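Notes follow once the structure below has been shown.
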Amino acid sequence: MKILIPIDGTQASVPVIMQGGFVARAFGVRPTLLAVASAENHRRDGEMWLAAAAKRLAEIKVEAEAKTRLGRWDAELPAEIKEGAYDLLVLGRVKQLNWLERLFGNTATRMLASMPTAVMFAKGVSADFDRLLLCESLRVEGALVKDLKSRFPLFFRGGRELTILHVMSQIGAQPGVKSWELRASADELIDAGTLEGQLMSEEMGALTERSRAQVRPRVRHGPVVEEILAEAEEGGYDLIVIGAHQATGWQRFLLENLAIRIIVTSRKPVLVLPRIL
Amino acid sequence: MTSVLKRIQWGKVGLFLISLWLFVLAITLMKVGARDFAPLVKTTFSINNTANSLGFGWLLAYFVMSGSPVAATALTFFDAGAIGQADAFAMITGSRLGASLIVLLIGVVYMLRGRDRSTSLGMGLLSLMVTGSTYLIAFFMGLSILGAGWLDHVQVQTGPVLSSVVDVLLTPIVDALAPWLPGWGFFLVGLVIIIISFNLFDRCLPTMAIKGSQVGRLSRLVYRPWVMFLLGALVTSISMSVSVSLSILVPLSNRGFVRRENVIPYIMGANITTFVDTLIAAVLLQNPPAFTIVLVEMLSIAIVSALVLLFFFSSFQNALLSLEH
């Protein structure tokens with residue numbers, strides 16, 4: 001597994017370095033630290049940042065490789081990801097989008113949508129990954145779980161606890177609509193064989209197959225982003241796992257970018273898996 | 001061509017034409033009778049200021065169980081000189097506030113019949129809160145726009161064609177009724193006919209029996225607020241009723257569910273184009289300032305909705321959903 005940790009020498013890089021280091025330690029791999037200098041005469045700055053970052057990682061007993069590239073971040077980072085065939089990119093905070101960016105996106109959201117690799121946002125730092133919250137939209141059945149299993153099989157070993165969360169933010173469109181499902185628990189939905197229940201049941205099967213991880217289903221009722229964040233706080237999870245916003249076709253324009261909203265407002269690390277196209 | 005003709009539901013087309021004709025007839029009758037109502041409006045009902053007009057429109061909407069007939073009533077009173085421009089505007093706003101409670105009242109009936117409270121009241125509460133919050137802000141904005149006269153020049157001149165059509169088709173009916181009805185009777189008959197015309201119109205909307213996993217899957221997604229806003233505006237520009245537009249969501253989602261995040265902007269969009277029938281009524285009254293009143297109503301609610309969607313939607317949504325919960 002290959003992990004890329006971009007740094008820029010600012011204080012904001014510290015949680016990125018530490019989170020990337022903890023992930024590398026958990027997977028037993030050497031991460032790559034990347035600094036991008038705008039010009040040759042700034043290369044020395046980049047090397048200083050890399051040395052400082054490597055020292056931090058050494059404190060948690062992680063050895064890292066170091067790389068410097070020359071150019072602009074928005075060009076060099078994707079180029080490095082492509083050349084290095086990384087499995088995971090660790091990034092820091094994403095700023096709140098203004099109204100124009102919410103309508104048309106910005107560089108960060110466009111990069112994220114087209115990123116071929118998984119991205120972990122170091123919102124808060126988790127040293128362990130014992131409790132994971134998988135936020136499954138059930139839109140593309142089982143895609144998140146399958147992707148997580150193929151990219152990060154380590155998460156399914158040992159005594160880890162994985163929670164599959166599905167948020168039902170629905171309301172009955174008319175007073176007469178039968179809607180017991182809108183108050184039901186995950187077990188009730190699974191027992192009744194409803195749409196959500198069946199999908200969660202299939203995902204649990206896929207997760208527990210050849211895996212020692214404990215898996216439990218969970219359903220919450222309320223607005224999607226708010227319920228995911230509430231569950232992450234209340235449940236004491238170490239990592240939130242979500243799928244990236246759909247980047248192509250009509251869905252890119254018409255569907256709300258819930259992923260970026262979770263990334264911006266979460267206080268826990270968020271792992272974003274690219275959409276399977 | 002033959003297959004196209006066979007697929008057309010001619011019954012519904014006929015129903016539509018009848019409802020349209022009844023609508024035009026109702027406006028004409030209400031226009032004729034409104035003059036006799038003017039003293040009643042000013043003295044008995046005390047609709048002589050903006051606040052009273054707002055309240056009257058609100059209460060009358062409960063009485064007729066719909067906002068559109070009340071909005072048309074406001075325009076006919078204005079046309080008859082019974083109320084001023086600002087009062088007509090207030091009465092139309094009141095009619096929308098009253099109409100938004102009707103969905104909730106239907107929910108209360110379901111609840112009293114034993115259905116679950118949250119299911120029965122959820123959509124009604126949400127609809128009421130969205131409408132109430134946006135309309136109350138738009139109300140003051142609209143009064144300012146009307147008072148400043150910024151849109152006074154935006155009027156529709158109907159011309160001789162419409163006058164001729166009314167003269168040929170409707171004046172004979174009015175003349176035939178004249179010996180049988182007092183002046184104020186025309187207004188009441190017109191009000192009853194307009195309610196019937198809206199009911200008939202609702203029946204001629206195409207029933208959407210869309211089933212299938214593809215549509216059901218689409219209804220599970222969370223759309224961008226502006227997408228649902230435009231959809232609500234588009235659907236209601238045809239249905240001309242917010243409650244009908246909401247009921248259209250039922251067959252679109254297989255189980256009758258709609259995501260909370262989607263329904264709030266949908267209602268916001270619906271609240272703008274629900275005035276299409278009132279706009280048509282203003283044209284039929286051949287009263288250009290009446291058209292301006294409705295236009296200001298639509299514009300002010302559109303501006304408030306756009307500002308909320310662009311800058312405050314998250315906070316707005318969270319506040320409403322907390323109250324609804």
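Everything numeric here is computed off the predicted structure, so don't read it as measured data. A note on names: the letters A, B, ... follow the listed sequences, proteins ahead of strands, and every chain is numbered from 1.
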Gap between atom CG of L254(A) and atom CZ of R224(B) - 0.5 Å precision: 8.5 Å
Separation of R260(B) CZ from S169(A) OG (nearest 0.5 Å): 7.0 Å
Proximal component of L310(B), with respect to chain A [non-hydrogen, under 4.5 Å]: both
Distance (rounded to the nearest 0.5 Å) between E226(A) CD and S322(B) OG: 9.0 Å
Spatial distance of atom CZ (F257(B)) from atom CD (E181(A)) [nearest 0.5 Å]: 4.5 Å
Atom pair CD1/CD1 of I171(A) and I264(B) - distance to nearest 0.5 Å: 8.5 Å
R216(A) CZ: over 12 foreign heavy atoms closer than 6.0 Å: yes
Crowding at OH, Y62(B) (>12 non-hydrogen neighbours, <6.0 Å): yes
Under 4.5 Å from any heavy atom of chain A - which part of S314(B): side chain
Considering all heavy atoms, the nearest E261(B)-V224(A) contact: OE2-N, 2.7 Å
Choice from V225(A), N257(A), L258(A), L182(A) maximising heavy atom contacts with chain B below 4.5 Å: L182(A)
